[in-house]
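Reading through the structure tokens given below for one structure.
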Amino acid sequence: MPVITLPDGSKRTFDHSVTVHEVASSIGAGLARAALAGRVNGKVVDTSSVIDGDAELAIITDKDPDGLDVIRHSTAHLLAQAVKQLYPEAQVTIGPVIEDGFYYDFSYSRPFTPEDLAQIEQRMAEISKADLPVKRRELPRDEAVQHFLGMGEKYKAEIIASIPAGEPIGLYGQGDFEDLCRGPHVPSTGKLKAFKLMKVAGAYWRGDHRNEMLQRIYGTAWANDKELKEYLHRLEEAEKRDHRKIGRELDLFHMQEEAPGAVFWHPKGWSVFQRLISYMREVQAKAGFEEVNAPEIMDVSLWQQSGHLEKFGENMFLTRTPDERLYAIKPMNCPGHVQIFKQGIRSYRDLPLRFAEFGKVHRYEPSGALHGLMRVRAFTQDDAHLFITPDQITEESVKVTQLILDIYRDFGFDDVRIKFSDRPPQRVGADAVWDQAEAALKAAAVAAGIEFTLNKGEGAFYGPKLEFVLRDAIGRDWQCGTLQVDLNMPGRLGAHYIDEAGQKQTPVMLHRAIFGSLERFFAILLEHHAGRLPAWLAPVQAVVMGITDRQSAYVESVAEGLKNQGFRVTSDLRNEKVGFKIREHTLQRVPYLLVAGDKEVAANLVSVRTRNGKDLGTMQLATFVERLRIELDSRGRAVGED
RNA sequence: GCCGCUUUAGCUCAGCUGGUAGAGCAACCGCUUCGUAAGCGGUAGGUCGUCUGUUCGAAUCAGACAAGCGGCACCA
């Protein structure tokens with residue numbers, strides 16, 4: 001006699017076991033048709049699933065986020081079915097749901113082509129149209145292994161064989177296709193209507209680069225065509241923000257074949273880059289950091305001692321000089337900072353010592369990893385190392401965390417999360433010190449008062465770490481800052497201080513970076529703002545232009561006046577229509593466009609327009625200056641351009 | 001590094017099955033003096049990523065290499 005409680009609290013009593021579908025039908029035919037799955041006592045199940053006791057039940061439709069997952073998962077099966085029909089020798093492996101869609105990995109003698117994809121998609125549409133019922137059955141594990149081996153599906157058999165023996169194996173069938181699956185799935189293929197295959201790619205079997213490479217097909221699937229279209233539109237919008245495109249359009253930087261993974265900064269890009277540095281200099285100096293600078297090329301012996309050569313050697317650039325000495329180009333700044341720490345005898349009274357460096361490092365990243373400014377081989381870190389006593393870990397960690405969050409806010413990133421990684425199985429250092437270090441970082445994360453997640457066992461071998469992830473304007477997450485406790489390197493490189501009792505002690509070292517890589521942070525800023533860098537960072541803050549050349553002298557004097565007050569301003573005296581100039585400088589993302597015609601000249605005014613197309617009207621130059629100054633001083637928080 | 005794709009003018013791209021290249025925008029030169037996202041006309045610009053091969057002949061076909069793009073792996 002199951003009593004079914006629905007989400008609105010209402011109860012329905014049945015005198016026999018019922019399926020989710022039957023309950024939905026008893027509520028209404030429309031709901032029964034829309035039902036994709038059910039949530040029984042919090043667990044998502046098929047609509048065919050039988051309920052034989054009292055239960056809470058929600059009918060899942062495509063309005064429900066779980067419903068979308070079911071659709072995506074089922075579309076992955078649809079893809080596999082289409083592929084098996086068109087390419088019977090292809091072997092199926094796995095097909096999980098991912099953000100915005102799904103993928104399915106196949107083992108096949110050749111890669112799929114875009115033409116194949118079109119054909120597969122066509123076949124998927126046909127199978128969907130046929131509205132094949134999706135049916136679940138179970139087999140004992142060993143039988144399931146034999147079943148798939150018999151079909152020649154060795155990957156499936158391998159997956160099933162790795163499932164514990166006692167568990168029954170769920171199989172989902174639709175028409176001529178059957179796949180191992182935990183489920184749940186939509187009741188029939190006709191529910192899958194809005195999908196698109198996106199791309200093909202290689203992927204290693206079980207994610208291990210030593211294994212065979214499979215053919216992965218990515219797809220996206222949505223509740224309806226409208227959502228699918230919106231998604232495709234979002235992708236296009238994201239493409240427009242691509243920092244590589246913006247970098248070229250705004251003449252900020254370029255890269256070329258002879259220097260893979262390294263940046264040629266153009267004047268405008270470098271101006272922004274320098275501004276990031278001077279900003280950071282200012283705020284970190286206030287926070288007690290002292291800037292240092294260490295050599296970029298040092299003898300390999302130092303890197304042997306630090307352990308980098310052994311652990312990181314494959315990623316290091318080496319250089320042999322005519323005198324046959326082998327040097328390494330620094331991939332990290334820490335050993336250099338330890339050398340500075342080691343000069344002279346340090347007292348506990350000197351601590352904490354906070355050394356910061358805008359250190360240019362070189363890392364030989366795998367060729368396939370390079371990506372615009374996001375992943376390069378030569379980049380600048382806003383790196384710092386704090387040499388402290390174990391007692392100071394908590395206080396310093398809290399301070400660094402606050403500093404990081406304050407800085408992100410200045411750049412318009414308010415949505416920040418923290419990832420906390422604690423001790424890995426393989427590590428150095430005594431457990432008592434790990435306890436202390438982990439507690440300190442946790443305290444810092446808690447004090448920050450923002451969401452943090454624990455990555456169990458993901459810490460570095462030398463210490464636990466916090467990683468700061470910021471979310472950009474279109475919802476993408478970027479890991480930038482990091483705060484790591486290092487219980488290894490100071491000792492390894494022979495750093496000491498003398499404690500209150502006159503005893504030699506090894507300091508604890510904190511590594512911290514806020515931008516992380518300036519190149520990467522620059523790219524994130526460009527994408528976050530879609531190229532419209534806040535005025536305090538913009539390479540050009542305003543362009544002054546006339547309508548005809550009668551105003552040229554006035555335009556020049558306005559531009560000069562602004563420049564003399566420290567603003568970054570240019571004038572545009574070209575013989576072009578004002579509409580043309582407006583368009584061009586708007587595309588160049590110049591925050592303010594000042595126009596002067598005969599009327600403005602006569603009244604000693606400027607007409608101000610923003611790059612967002614807003615007309616701020618005509619005003620005295622001093623009024624504009626005041627407004628801009630407030631905007632720059634507040635980094636855009638007190639006054640915005642629109 | 002692995003799989004696939006791509007590489008033609010500053011940019012975006014066209015160039016069918018081999019007969020030594022074309023457009024739009026940008027640039028340059030004129031004309032136009034015009035009120036808030038493209039005024040008109042003209043000129044110039046490329047050893048088709050590099051190397052090797054096939055061929056009477058290669059941007060086009062083949063191979064190697066390089067870089068880039070999308071994934072995978074990597075990100076100490």
Side-chain angles (χ1 to χ4, degrees), chain A residues 98 103 105 108 110-114 116-117 198-218 239 242 244-245 248-249 251 254-261 306-316 331-332 334 361 363-372 374-377 379 424 426 459-462 465 467 479 482 484 486 488-489 511 516-517 520 543 545-552 573-588 593-600 607-618:
Chain A
I98 53 173
Y103 67 77
D105 285 348
Y108 192 49
R110 64 168 178 85
F112 295 108
T113 65
D116 294 337
L117 235 56
M198 303 298 286
K199 55 197 167 198
V200 283
Y204 298 108
W205 166 235
R206 301 205 143 175
D208 188 327
H209 69 279
R210 288 165 302 198
N211 288 342
E212 149 184 21
M213 186 152 269
L214 305 172
Q215 305 304 328
R216 174 170 298 180
I217 297 179
Y218 282 93
E239 215 171 296
D242 192 313
R244 293 166 296 191
K245 186 172 143 68
R248 188 171 51 241
E249 288 169 354
D251 192 19
H254 86 272
M255 299 171 97
Q256 65 186 44
E257 217 176 291
E258 292 82 354
S306 71
H308 286 104
L309 198 67
E310 188 203 346
K311 287 208 173 273
F312 196 63
E314 293 207 336
N315 292 296
M316 286 166 67
M332 290 176 204
C334 355
V361 294
R363 301 179 183 180
Y364 184 75
E365 299 286 356
S367 56
L370 303 179
H371 177 93
M374 296 288 189
R375 189 87 179 268
V376 287
R377 285 181 175 159
F379 60 102
Q426 289 273 351
F461 75 93
Y462 52 76
K465 60 184 176 186
E467 281 160 341
Q479 189 189 305
T482 176
Q484 302 181 16
D486 192 334
N488 176 55
M489 203 180 303
H511 305 247
S517 144
R520 187 174 128 93
V543 175
M545 61 195 89
I547 288 172
T548 73
D549 49 20
R550 282 195 301 281
Q551 298 90 32
S552 292
L573 300 176
R574 290 175 304 169
N575 174 15
E576 296 289 351
K577 294 174 81 161
V578 71
F580 179 88
K581 295 183 189 176
I582 294 277
R583 174 183 154 80
E584 202 161 90
H585 299 299
T586 300
L587 289 174
Q588 285 294 310
L593 309 179
L594 310 189
V595 179
D598 288 337
K599 282 182 276 182
E600 286 79 8
S607 161
V608 183
R609 177 190 163 112
T610 74
R611 61 186 158 192
N612 298 321
K614 185 164 183 195
D615 182 5
L616 299 182
T618 301

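Reminder, nothing fancy here: chain letters follow the sequence lines and each chain counts from 1. Just so it is clear, the structure is predicted and the values come from calculations on it, not from any experiment.
Contact annotation for A:Lys311: no contact, since no heavy-atom pair falls under 4.0 Å across all strands. A:Tyr103 comes within 4.0 angstrom of nothing in the nucleic acid, heavy atoms only. Among the heavy atoms of the strands lying under 4.0 Å from A:His371 are primed sugar atoms or P, OP1, OP2 only; no base atom is included.
In this structure A:Arg574 satisfies the side-chain hydrogen bond (donor to acceptor under 3.5 Å, both in side chains) test together with A:Asp572, A:Glu584, sequence neighbours excluded. Applying the ring-ring contact (aromatic ring centres under 6.0 Å, His included) criterion to A:Phe379, with sequence neighbours excluded, gives no partner residue.
Across the protein-nucleic acid pair, A:Tyr108 atom OH and B:C3 atom P stand 19 Å apart, rounded to whole Å. One atom, CG of A:Asp105, and another, C1' of B:G4, lie 14 Å apart when rounded to the nearest Å. One atom, CG of A:Asp251, and another, P of B:A26, lie 16 Å apart when rounded to the nearest Å.
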Might you list the N or O atoms of the protein lying below 3.5 Å from N or O atoms in nucleotides 59-68 of chain B, with each pair's distance?
residue, atom, partner, partner atom, Å
B:A66, O2', A:Glu257, OE2, 3.3

Check the interface with nucleotides 73-75 of chain B: list each N/O to N/O pair with the protein under 3.5 Å, or write none.
residue, atom, partner, partner atom, Å
B:A73, O2', A:His209, ND1, 3.2
B:C74, O2, A:Arg375, NH2, 2.7
B:C74, N3, A:Arg375, NH1, 3.0
B:C75, O4', A:Arg375, NH2, 3.4
B:C75, O2, A:Arg375, NH1, 3.4

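Distance from the side chain of A:Ala201 is smallest for B:G70 among the nucleotides B:U12, B:C72, B:G70.
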Checklist entry - What one-letter contact string describes nucleotides 34-39 of chain B from 5' to 3', where B marks a base within less than 4.0 Å of any protein heavy atom, S marks contact via sugar-phosphate atoms alone, and - marks no contact? => result BBBBBB
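In RNA chain B, runs of at least 3 stacked Watson-Crick or G-U pairs (N1-N3 plus N6-O4 or O6-N4, or N1-O2 plus O6-N3, all under 3.5 Å) give these stems: B:1-7 with B:66-72, B:10-13 with B:22-25, B:27-31 with B:39-43, B:49-53 with B:61-65.
Taking the charged nitrogens against the carboxylate oxygens, A:Arg206 and A:Asp208 have no contact shorter than 4.0 Å, which rules out a salt bridge.
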